[in-house]
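Each remark here refers to the structure printed beneath this line.
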Amino acid sequence: MTKHIAVIGSGVTGISSALLLLRAGHRVTIIAKDFPAPFETIDPITQINYTSPWGGAHNRWVPPHPSNPQAVFEHPLSITTFSHMKSLFASHPTTAGITFLKGIEYLESPGPEYLSLTPATAASLQLPGFRLLPQSEFPDQKVKWGCEYETYCVNPMVYLSFLLRRFVHRGGRVLKHALRSPVEVFALSERSTPSLKNGGVDAVVNASGFGFGGDENMFITRGQTVLVAEECDATVTRQNADGSWTFCVPRGFEGGTVIGGTKEVDDWGVEPRPETREKLLEMFKGTCPRILNGKGEFTVMGDIVGRRPSRRGGPRIEGEVLEGGKGFVMHAYGLGGRGYELSWGVAERVVEGVEGYFRGLRGESKI
């Protein structure tokens, strides 16, 4: 029987989940304070907590290894997402906002998850196009390990708008509304909220990013990057020995290239810091000078500051039956900086969780 599902959040996790719930035959309404808009019009201050637009965004393969349980959990989600991205790119190469290209990694202090990688193990982990780089291809002597692989980048504004149009075109509904709690959705009625057609809500998906508070494992990570006009033929990432990063993410679709980036835990600053900009540009220039094509300086289009909804122990992807059986909430938040990379994998888990709950109500097996 068709159910009415409300999805909280119009970021990449929320819209992806809403699309798969529609495909599963449900009625779906996305409820959010913010919705996708062009990069040129979105407000970097008042909409800083709308995380998805400020992403790079690219897929960086993180090898699963026993030393990193979170990576072991997330790897299948990234593989699923890669498959969905391939399919979308094949069917909509010029409109989806997705670009497939080479990914290059340079590490100054590689951990066991990297040192144990061989072409054979990479193939078993479904890492496409994997190749270990010889030392002759390293940018300098500080780099101790490197590889390349096939991956993708997305232009967030193009991609999110594309997904939202697909959702609405397939019968999904949207409601611009600021919520204080997932429980509030069950109180919304057709009378007070005409956008919620077809009666009440049977289940809620909490893809709010930050989770509404109350989760002591949640914290924010400030990220500052620089948008430049120069283009690059690959997404390049370098992890330095001190734990800092330098990377570039070509957005494609005339969206410039993102040069990054910082990971600043519990830093709520909203204004870009000029000294950070200069440091990021200089670090990447030293790693990948070819991006400048012989020029001396970058053509800076602007600074980007975002807040990643990070969570100790990894994202929360689980269902919750509210006290007294007053409703079901499928949580899907806290993906940190990997929202795009894990989006379709998480969306599939959301559908499994929601449909498992309804099967349980009917007395059927949830498996």
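Every heavy atom of this structure was used, including side-chain atoms; hydrogens, water molecules and symmetry mates were not.
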Can you confirm if the aromatic rings of F100 and F82 lie within a centre distance of less than 6.0 Å? yes
>> Could you check whether R238 pairs with E108 (Lys NZ or Arg NE/NH1/NH2 to Asp/Glu carboxylate O, under 4.0 Å)?
In response: yes
| message | Regarding S124 and T121, do their side chains bring together a donor and an acceptor under 3.5 Å, going by distance alone? | response | no
Margin query: I'd like to know if R316 pairs up with E318 as an ion pair, taking the criterion as any Lys NZ or Arg NE/NH1/NH2 lying under 4.0 Å from an Asp or Glu carboxylate oxygen.
Written below: yes
* Taking the side chain from R307 and the backbone from W268, do they hold a donor-acceptor pair closer than 3.5 Å? -> yes
> Among side-chain atoms of H26 and E355, is any donor-acceptor pair under 3.5 angstrom?
Replying inline: yes
Query raised in the report: Within the distance-only criterion (no hydrogens, no angle test), does the side chain of R277 pair as donor or acceptor with the backbone N or O of P272 below 3.5 angstrom?
Result: no
Practice problem: Determine the interplanar angle of the Y357 and F328 rings, folded into 0 to 90°, and report it as parallel if under 30°, tilted if 30 to 60°, perpendicular if over 60°. | Solution: parallel
Checklist entry - Any Lys/Arg nitrogen of E148 or R131 sitting under 4.0 Å from an Asp/Glu carboxylate oxygen of the other? => result yes
Requested in this report: Would you please classify the geometry between the Y159 ring and the Y340 ring as parallel, tilted or perpendicular, with 30° and 60° separating the classes?
Outcome: tilted
E282 side chain vs E278 backbone, donor-acceptor pair below 3.5 Å:
no
Quick test of your reading of the model: are K285 and E297 salt-bridged, counting only N-O distances below 4.0 Å? yes
